[in-house]
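Everything below concerns the one structure shown next.
Heavy-atom basis, side chains included; hydrogens, waters and symmetry copies ignored.
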Amino acid sequence: MKRLILLLFLILITALPVMAQDVTGTTLDILNVRAEPSVGNNTIGQLPIATSVTIQGRDASGAWLFVTANGLSGWVSPRYIDWEVVPLL
């Protein structure tokens with residue numbers, strides 16, 4: 001019985017999601033936000049210079065970041081974002 005409880009405890013601990021660090025950035029220029037990670041895809045909006053963004057992730061090539069800011073979510077080029085990792089407290 002003790003082994004079963006220990007096994008269930010270990011499964012529970014490993015199944016808990018790992019908290020990721022928030023990654024934030026600031027736009028360095030007026031930035032087009034795109035529906036898909038490609039210059040050939042539609043622009044769904046723009047972000048002004050010095051807009052704070054939350055970086056949700058990147059594409060497999062690392063050439064595009066998926067960000068959210070000002071109620072807008074989409075793909076942007078990382079060369080126009082000054083970004084850093086913000087540690088969890």
Side-chain angles (χ1 to χ4, degrees):
M1 183 68 174
K2 288 182 181 180
R3 287 185 180 176
L4 178 61
I5 293 172
L6 178 61
L7 178 62
L8 290 174
F9 177 75
L10 291 174
I11 290 171
L12 176 64
I13 294 297
T14 58
L16 292 174
V18 176
M19 294 187 68
Q21 294 181 338
D22 290 336
V23 180
T24 59
T26 305
T27 58
L28 299 173
D29 202 344
I30 296 171
L31 193 57
N32 289 327
V33 180
R34 299 189 182 274
E36 297 293 329
S38 169
V39 293
N41 282 287
N42 294 335
T43 299
I44 57 174
Q46 287 188 328
L47 296 173
I49 296 171
T51 300
S52 178
V53 299
T54 300
I55 300 168
Q56 305 292 323
R58 62 186 173 111
D59 70 336
S61 71
W64 293 89
L65 298 175
F66 191 84
V67 301
T68 56
N70 298 347
L72 187 63
S73 295
W75 296 94
V76 300
S77 172
R79 68 176 63 160
Y80 303 107
I81 300 281
D82 180 24
W83 56 290
E84 60 184 273
V85 176
V86 178
L88 293 174
L89 298 177

Under the side-chain contact (heavy atoms from CB on, under 4.5 Å) rule, collect the residues that match up with Asn42, sequence neighbours excluded.
none

The side-chain contact (heavy atoms from CB on, under 4.5 Å) partners of Asp82 (sequence neighbours excluded) come to Leu28

Between [X] and [Y], is there shared hydrophobic-cluster membership here, with clusters defined by ILVMFWY side-chain heavy atoms closer than 4.5 Å?
{"X": "Leu72", "Y": "Val23", "result": "yes"}
{"X": "Ile49", "Y": "Val76", "result": "no"}
{"X": "Ile30", "Y": "Val33", "result": "no"}

If I compare all heavy atoms of [X] with all of [Y], which pair ends up nearest, and what's the gap?
{"X": "Leu31", "Y": "Ser77", "answer": "CD1-O, 4.5 Å"}
{"X": "Ala35", "Y": "Ile44", "answer": "CB-CG2, 3.8 Å"}
{"X": "Gly62", "Y": "Pro78", "answer": "O-CG, 3.9 Å"}

Could you give all pairs that pass the ring-ring contact (aromatic ring centres under 6.0 Å, His included) test and reach [range], with sequence neighbours left out?
{"range": "residues 34-58", "result": "none"}
{"range": "residues 29-68", "result": "Phe66-Trp75"}
{"range": "residues 31-50", "result": "none"}
{"range": "residues 30-52", "result": "none"}

For [X], side chain to side chain donor-acceptor pair (under 3.5 Å) partners two or more places apart:
{"X": "Ser73", "answer": "none"}
{"X": "Asp29", "answer": "none"}
{"X": "Thr43", "answer": "Arg34"}
{"X": "Gln56", "answer": "Thr68"}

Mind checking the CD1-CH2 spacing from Ile55 to Trp83? Nearest 0.5 Å is all I need.
5.5 Å

Atom CG of Asp59 and atom CD of Glu36: how far apart are they, to the nearest 0.5 Å?
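One finds 10.5 Å between CG of Asp59 and CD of Glu36.
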
Between the main-chain N or O of Thr24 and the side-chain N or O of Thr54, is there a donor-acceptor pair closer than 3.5 Å?
no

What do the steps show when you test Thr51 against Thr26 for side-chain contact (heavy atoms from CB on, under 4.5 Å), and what is the final call?
CA-CA 5 Å; Thr51 300; Thr26 305; over 6 Å; no

State, yes or no, whether a side-chain contact exists between Asn32 and Val39 at a heavy-atom distance under 4.5 Å.
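Contact flag for Asn32/Val39 side chains = no.
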
